[in-house]
Amino acid sequence: MERCSQSNEKNDSITRKLIVELKDGINYLKKSTGIVPRLAVLQVGDREDSNLYIKMKENMAKKIGVEISKYKFNEDVHQRKIFSLINSLNLDPNIHGIIVQLPLPNGFSEFELTEAIDCIKDVDGFHSSNLTRITKNCVFNPPCTPSGIIRLLSEYNIDLEGKLVTIVGRSSVVGIPLFHMLSNLNATVTLCHSKTRDLESMVKMADIVISAVGKPALIKGHWIKPGAIVVDVGISYVDGILQNARLKDSSKKSGKRIVGDVDFENALKNVSLITPVPGGVGNH
Ligand SMILES: NC(=O)C1=CN([C@@H]2O[C@H](COP(=O)(O)OP(=O)(O)OC[C@H]3O[C@@H](n4cnc5c(N)ncnc54)[C@H](OP(=O)(O)O)[C@@H]3O)[C@@H](O)[C@H]2O)C=CC1
Ligand SMILES: Nc1nc(=O)c2c([nH]1)NC[C@@H]1CN(c3ccc(C(=O)N[C@@H](CCC(=O)O)C(=O)O)cc3)C=[N+]21
């Protein structure tokens with residue numbers, strides 16, 4: 001996070017610290033038990049963004065010592081075949097985590113497929129029993145993006161107790177689990193979505209704004225309360241000249257620019273801290 005658009009050293013040091021933490025933990029697991037953690041990643045179709053996110057997972061897995069098994073299906077595969085793969089991965093003692101990369105092509109049921117994953121191996125935390133467990137504060141695997149956001153806030157020593165948090169976006173990947181996780185940490189949370197009547201007021205009252213929508217400049221800079229903290233989770237690819245040195249090679253190739261949901265330059269005038277896009281929430 002940053003106060004201005006220059007230095008991002010603290011973010012990079014948090015990333016490095018997390019990598020060391022994970023690598024050490026995995027090394028210890030390997031030495032003490034002989035277990036080599038292995039993640040199965042299932043993909044249906046060939047979306048460019050999914051390919052990129054899977055590549056990022058592979059890169060991070062390599063860095064921390066996790067093995068990955070990839071399973072890629074054509075869009076014309078029968079859903080039955082994916083169910084049977086999930087069933088065998090559930091039973092395979094050498095597979096410790098399973099991810100079905102979302103979104104799925106039309107005709108596939110996101111709910112049924114993520115529900116088929118053994119909830120202990122559900123590293124994304126999308127299984128309904130994991131979502132229910134979140135509400136009771138005893139989840140097996142907290143979902144990755146909400147956990148990352150909470151960890152990021154805690155690395156900046158931001159106390160959540162009693163804070164007014166406005167979340168924009170109510171997907172089961174980000175908004176809904178985050179709503180419960182922040183409530184469990186004693187924040188007062190407002191969850192907004194596309195039918196929210198007065199988004200501006202909901203954002204204006206917040207001590208912390210977290211936006212996960214995927215619409216550029218949805219959150220106007222002047223909506224941000226002076227001194228508020230902004231976490232911009234949204235990712236949109238827009239045409240444009242590359243102005244930002246932090247942009248990744250993947251975006252350079254396609255000639256696209258990645259932007260968040262928040263009007264960053266104007267928000268900077270009001271925020272005490274804000275996450276940039278790219279380089280904020282997500283992979284590094
Ligand atoms: N940086 C990271 O690590 C990650 C980034 N992302 C990014 O976050 C964004 C959201 O992802 P995801 O949660 O999967 O998206 P979804 O499309 O599943 O959900 C989008 C949410 O935004 C709401 N919404 C849409 N339009 C508006 C509007 N005008 N005002 C208020 N709310 C609105 C929708 O409301 P409704 O429910 O009413 O339809 C919905 O709840 C995407 O850009 C995605 O790429 C996602 C995961 C990780
Ligand atoms: N089963 C499943 N699990 C997921 O976790 C999942 C998913 N499906 N479907 C799609 C969303 C989206 N998502 C992102 C993760 C990292 C970045 C990220 O790190 N972005 C970089 C930019 C990457 C780039 O160069 O384009 C950044 O913000 O710096 C973005 C998006 C995970 N998702």
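Remember, it's a predicted structure, so these values are computed and weren't measured experimentally. Read the numbers this way: they start at 1 and go in the same order the structure lists the ligands and their atoms. Computed from heavy atoms alone, side chains included, the values below leave out hydrogens, waters and symmetry copies.
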Any heavy atom of T114 sitting closer than 4.0 Å to ligand 2? no

Please answer: with hydrophobic residues joined when any side-chain heavy atoms are less than 4.5 Å apart, are V165 and M202 in the same cluster? no

Rounded at 0.5 Å granularity, tell me how far CZ in R133 sits from CG in N141. 10.0 Å

Decide, yes or no, whether a salt bridge links E155 with K10 under the criterion of side-chain N to carboxylate O below 4.0 Å. no

Mind checking whether I26 and I35 sit in one hydrophobic cluster, side chains of I, L, V, M, F, W, Y counted as touching below 4.5 Å? no

Under 4.0 Å to a heavy atom of P278 - the qualifying atoms of ligand 2, by number: 27 (C), 28 (O), 29 (O)

For ligand 1, the portion of L218 having any non-hydrogen atom under 4.0 Å away: side chain

Taking only non-hydrogen atoms of V281 and a 4.0 Å limit, the atoms of ligand 2 in range are 28 (O)

Among H193, K215, R170, which residue places a heavy atom closest to atom 37 (O) of ligand 1? R170

Would you call K17 and E21 a salt bridge, using N to O less than 4.0 angstrom? no

With a 4.0 Å heavy-atom cut-off (strictly under), which part of V168 contacts ligand 1: side chain, backbone, both or neither? side chain

Does ligand 1 have an atom that lies less than 4.0 angstrom from a heavy atom of V281? yes

What atoms in ligand 1 come closer than 4.0 Å to a heavy atom of G282? 3 (O)

Out of C144, G234, S194, who gets a non-hydrogen atom closest to atom 33 (C) of ligand 1? S194

N/O separation below 3.5 Å, T145 to ligand 2: no

Can you sort out which atoms of ligand 2 are near M56, meaning under 4.0 Å from one of its heavy atoms? 16 (C), 17 (C), 18 (C), 19 (O), 23 (C)

Rounded to the nearest 0.5 Å, how far apart are CG of D124 and OG1 of T114? 9.0 Å

Ligand 2 contact on L102 by region, counting heavy-atom pairs under 4.0 Å: both

Between L89 and A40, which heavy-atom pair has the shortest distance, and what is it? CD1-CB, 3.8 Å

With hydrophobic residues grouped by side-chain heavy-atom distances under 4.5 Å, do L164 and M181 end up in a single group? no

Under 4.0 Å to a heavy atom of G279 - the qualifying atoms of ligand 2, by number: 27 (C), 28 (O), 29 (O)

List the atom of G107, the atom of Q79, and the distance in Å for their closest heavy-atom pair. O-OE1, 3.9 Å

Go through the steps for T196 and T190 under the test side chain to side chain contact (heavy atoms under 4.5 Å, CB included), then give the verdict. CA-CA 11 Å; T196 296; T190 304; over 6 Å; no

Under 4.0 Å, heavy atoms only, figure out whether ligand 2 is touched by the backbone of L52, its side chain, both or neither. side chain

With a heavy-atom distance limit of 4.0 Å, tell me whether K57 approaches ligand 2 through its side chain, its backbone, both, or neither. side chain

Taking NZ, NE, NH1 and NH2 as the nitrogens, is one of them in D207 or K225 under 4.0 Å from a carboxylate oxygen of the other? yes

Is it the side chain (CB and beyond), the backbone, both or neither of V100 that lies under 4.0 Å from ligand 2, heavy atoms counted? backbone

Atom indices of ligand 2, in the order listed, that fall short of 4.0 Å to a heavy atom of G282: 18 (C), 19 (O)

Does R257 count as lying over the ring of Y237, i.e. NZ or CZ under 6.0 Å from the six-ring centre, within 45 degrees of the axis? no

If the cut-off is 4.0 Å to any non-hydrogen atom of T145, which atoms of ligand 1 fall inside it? 47 (C), 48 (C)

Who gets closest to atom 45 (O) of ligand 1 by heavy atom: T275, D232, I235? I235

I need the atoms of ligand 2 closer than 4.0 Å to a non-hydrogen atom of I99, numbered in the order shown. 1 (N)

Below 4.0 angstrom from a heavy atom of G169, which ligand 1 atoms are there? Numbered from 1 as shown, please. 21 (C), 22 (O), 41 (O)

Considering only NZ, NE, NH1 and NH2 on the basic side and carboxylate oxygens on the acidic side, decide whether K72 and D46 come within less than 4.0 Å. yes

Close-contact set for ligand 2 against Y237 heavy atoms, below 4.0 Å: 26 (O)

Structural part of I258 in contact with ligand 2, heavy atom criterion under 4.0 angstrom: side chain

So N266 and K269, side-chain hydrogen bond (donor to acceptor under 3.5 Å, both in side chains) or not? Walk me through it. CA-CA 6 Å; N266 286 316; K269 295 172 193 158; 2.6 Å; yes

Within the structure, is a non-hydrogen atom of A212 found at a distance of less than 4.0 Å from ligand 1? yes

